[in-house]
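For reference, the structure discussed in these notes is given below.
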Amino acid sequence: MMRVRLMTALTAALALLLTGCTDGDGSGADGKITLRFQSLAWQKESVDANKELVKEWNASHPDIRVQYVQGSWDSVHDQLLTSFEGGEAPDIIHDASDDLADFAYGGYLADLSELLPERLKDDIPQRSWLTATFGKGIYGVPFLQEPRVLIANKKILDSSGIRVPTARKPWSWEEFRQVTKALTEKMGPGKYGVAWPLKEPVSLTLNLGLSAGGQLFHRGDDGKVTIRFTDGDGVVPGTVHDQVNADKSASRSTLGMGGSDTLPGFFGGKYAMVPLGFSYRQQIVQQAPKGFEWTVLPAPAGPDGPAQGVSPQTLSVAEDSPYKKEAAQFIDFMLGPQNMVRLAKGDWMLPTGTQALADPSLHTEKNGWATGAALARDLRSAPAQSVRGYPEWKDKVATPALQEYYSGAIDADELEKRLVKDGNLVLARYQR
Amino acid sequence: MTALRTSRSGRAGQYLALLCYLVFLAFPFLWLISTAFKPPRELGSLHPTWIPEDPTLGNFRQAFDEQPLLQAAVNSLIAALAAALIAVVIATPMAYVMARHRSKLSTAATGWVVVSQAFPFVLVIIPLFLILKNLHLINTLFGLIMVYVVWALPFALWMLVGYVRAVPRELEEAAAVDGAGRLRTLVSVTAPLLAPGIVATALFAFITAWNEFFFALVLLKTPEKQTLPVVLTHFLGAEGVADLGPLAAAAFLATLPSLVIFAITQKRITGGMLAGAVKS
């Protein structure tokens with residue numbers, strides 16, 4: 001009898017539990033439009049800035065409500081792909097330009113060419129628009145970007161007597177190699193002039209490679225892309241390889257690390273410099289020991305100047321959204337000059353908008369803002385981001401090849417062979 | 001005497017190996033706890049310590065301030081408990097039939113159960129999404145629970161078949177000889193012996209659902225529906241950058257329910273395993 005009662009109670013509890021779980025999908029019975037905005041902002045300042053802007057929009061646009069949905073950089077591609085396939089994608093999508101190619105070519109994203117106001121089109125430079133242009137359409141509004149910079153231990157740098165580079169006069173790659181050699185000698189055993197965090201070596205290598213004339217991906221007249229390895233493509237990998245293996249001026253142990261992993265060694269005086277994304281400054285401010293002095297230096301430059309590839313954060317509109325015009329209006333609001341500044345500060349990145357970039361608060365020396373802002377004009381579309389098949393080439397060919405090359409397991413000829421020969425086989429499958 | 005000494009040294013070696021294994025298993029969790037109580041500056045130290053030098057609850061405060069952890073925990077708990085309960089309720093009678101009435105069909109069913117484990121998430125997620133959408137179950141915990149049940153069921157079934165086979169058939173036959181009917185035999189003889197297996201299976205289903213990330217990420221859209229593993233990723237940025245302190249604090253809290261439930265049921269599970277061992 002007891003058991004029967006127990007089973008009845010359990011069944012009832014389960015039924016109660018499940019009936020309480022179903023969704024009451026509240027679509028606008030009042031005729032108001034509700035747009036879903038999936039944001040990938042994750043740091044408190046950035047989330048706060050996004051939420052405040054949504055709140056301000058909702059206050060001033062009672063008929064076009066925006067619902068803030070928190071997304072995550074982790075697995076965003078798979079999550080979006082499934083949502084697109086299922087017709088349940090958010091109306092406004094926050095992502096990065098290097099993730100958009102498949103969605104743009106797949107017809108999941110709306111072409112914004114005709115939807116965006118002239119103000120926004122004029123405000124963002126053409127070089128930034130190129131990062132989100134696929135074919136003839138614009139599939140995202142690039143709004144935040146970050147150059148890769150050298151974060152340096154100021155005391156070590158000052159005491160070395162080495163020329164401190166500026167955005168106008170950066171080190172050349174050869175000069176950088178000599179500097180790290182000199183710093184390593186001065187710092188003593190077990191310490192290094194530079195620590196390259198190369199857990200994800202491909203984007204860093206390609207993006208910095210632009211400064212030395214590297215391009216690797218070449219689009220022919222027929223629109224097909226092939227990989228060619230020129231002298232310029234070899235400068236950045238060659239420098240890193242030689243620093244690690246010949247000069248011993250770069251730490252071997254950080255080759256498998258992410259950027260954050262190198263910070264304890266940097267704070268502990270083990271490394272004089274760490275090449276990191278501009279937004280890492282926030283972590284440094286939070287985690288640096290009291291009294292630790294650091295500075296932001298531009299990355300080395302080649303004959304073409306300090307050019308760098310970037311994949312800006314973007315806002316896109318889903319092709320399936322019935323409210324594309326309204327979504328574009330919201331994007332225009334979010335990316336107004338002052339709002340773009342708020343978003344940039346929240347993410348510790350640079351805005352793409354010309355007016356936002358001119359904001360005095362982004363040109364202060366404190367925390368290296370001025371150095372980053374001075375580099376903004378040299379940021380270009382990352383070389384490979386619009387190439388179909390790039391993700392597979394990156395994962396299956398380039399990442400292992402570069403990791404092996406940097407660790408000294410293979411030589412430059414083998415690296416070139418793998419990147420080009422194996423790489424072209426991968427790309428060919430996507431361009432039949 | 002020599003034999004005794006050898007035996008003692010052998011036993012000491014066994015304990016040492018066990019200790020090493022325990023340390024190996026416990027290390028990530030202990031490090032997680034240590035990290036959860038460290039202020040940002042200690043997280044960036046070149047010489048990290050096990051015991052935080054300046055322990056703080058700031059990471060927990062920040063984690064709760066920034067993300068709806070409590071709501072997410074409730075959602076996870078509902079999804080995991082319901083999935084475990086339903087999976088066990090469905091799997092137990094199925095397992096009994098498959099274990100006791102062997103036929104070509106039950107062999108084929110067992111084979112299919114094993115094969116079904118080989119399907120990766122990405123292969124099923126889009127069809128599953130479309131099915132749930134047609135049933136208006138996207139963005140509902142009920143839909144997610146159904147997915148968890150389906151996902152956990154094959155392995156739960158496979159586990160329970162093993163446990164049923166470990167219960168001597170002779171005991172059921174003896175009960176029948178004593179005049180017990182089929183239902184009486186199942187309730188009074190088989191079920192108590194199967195209880196540890198059922199608990200172990202439920203625990204497996206619970207932990208699978210509690211930790212599951214990808215289905216929850218894809219199927220739940222609004223913040224108030226999201227589960228803990230999804231909310232935890234909100235502490236992660238692009239390229240593996242993480243807000244380490246709050247992430248560790250939230251992850252520590254997310255681990256606790258599994259540990260507590262395992263601690264409570266552990267005795268029954270090992271009891272069940274031993275019962276099976278004695279039989280063989």
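Nothing here was measured: the structure is a model prediction, and the numbers come from that model. Protein chains get the first letters and strands the later ones, always in sequence-line order, with residue 1 at the start of each.
- Heavy atoms closer than 4.5 Å to chain A are found in the side chain of B/Leu130, but not in its backbone.
- Interface residue A/Gln67: only side-chain heavy atoms are found under 4.5 Å from chain B.
- Look at A/Lys345 and A/Glu45 and you find no salt bridge, because none of the NZ, NE, NH1 or NH2 atoms lies under 4.0 Å from a carboxylate O.
- By number of non-hydrogen pairs under 4.5 angstrom with chain A, the leading residue of B/Pro40, B/Pro223, B/Gly237 is B/Gly237.
- With a 4.5 angstrom heavy-atom cutoff, B/Thr233 touches chain A via backbone and side-chain atoms both.
- Between A/His94 and A/Trp73, a ring centre-to-centre spacing shorter than 6.0 Å is recorded.
- Cation-pi geometry between B/Arg61 and B/Phe64 is not met at under 6.0 angstrom from the ring centre and within 45 degrees of the axis.
- Proximity to chain A (any heavy atom under 4.5 Å) is restricted, for B/Gln226, to the side chain, taken from C-beta onward.
- Inspection of the A/Gln79 and A/Gln38 side chains reveals an N or O donor paired with an N or O acceptor under 3.5 Å.
- Ranked by heavy-atom pairs under 4.5 Å with chain A, the first of B/Ile125, B/Leu236, B/Val218, B/Leu219 is B/Leu236.
- Residue pairs meeting the side-chain hydrogen bond (donor to acceptor under 3.5 Å, both in side chains) criterion with at least one partner in residues 197-212 of chain B, sequence neighbours excluded, are B/Tyr148-B/Glu212.
- Between the side chains of A/Glu200 and A/Thr399, not a single donor N or O lies within less than 3.5 Å of an accepting N or O.
- The choice from A/Gly86, A/Gly258, A/Gly71, A/Ser279 that makes the most heavy-atom pairs within less than 4.5 Å of chain B is A/Gly86.
- Pairs engaging residues 261-270 of chain A under the side-chain hydrogen bond (donor to acceptor under 3.5 Å, both in side chains) rule: none recorded [sequence neighbours left out].
- Ring pair A/Tyr68/A/Phe37 is perpendicular by interplanar angle, where above 60° counts as perpendicular and below 30° as parallel.
- Using a 4.5 Å cut-off between heavy atoms, A/Ser75 touches chain B through backbone and side chain atoms alike.
- Contact annotation for B/Ala79: neither backbone nor side-chain heavy atoms come within less than 4.5 Å of a heavy atom of chain A.
- Chain A forms more heavy-atom pairs under 4.5 Å with one residue of B/Val241, B/Val231, B/Asn75, B/Leu43 than with any other, namely B/Val241.
- Using a 4.5 Å cut-off between heavy atoms, B/Phe235 touches chain A through its backbone atoms (N, CA, C, O) alone.
- Counted within 6.0 Å of CD1 on B/Ile51, heavy atoms from surrounding residues, nucleotides or ligands total 12 or fewer; the atom is thus considered open.
- Looking at A/Phe292, neither its backbone nor its side chain comes within 4.5 Å of chain B, counting heavy atoms on both sides.
- Contacts with chain B were tallied for A/Lys44, A/Gln283, A/Lys199; A/Lys44 has the most, counting heavy-atom pairs under 4.5 Å.
- Residue contact with chain B, scored on non-hydrogen atoms closer than 4.5 Å, is absent for A/Gln313.
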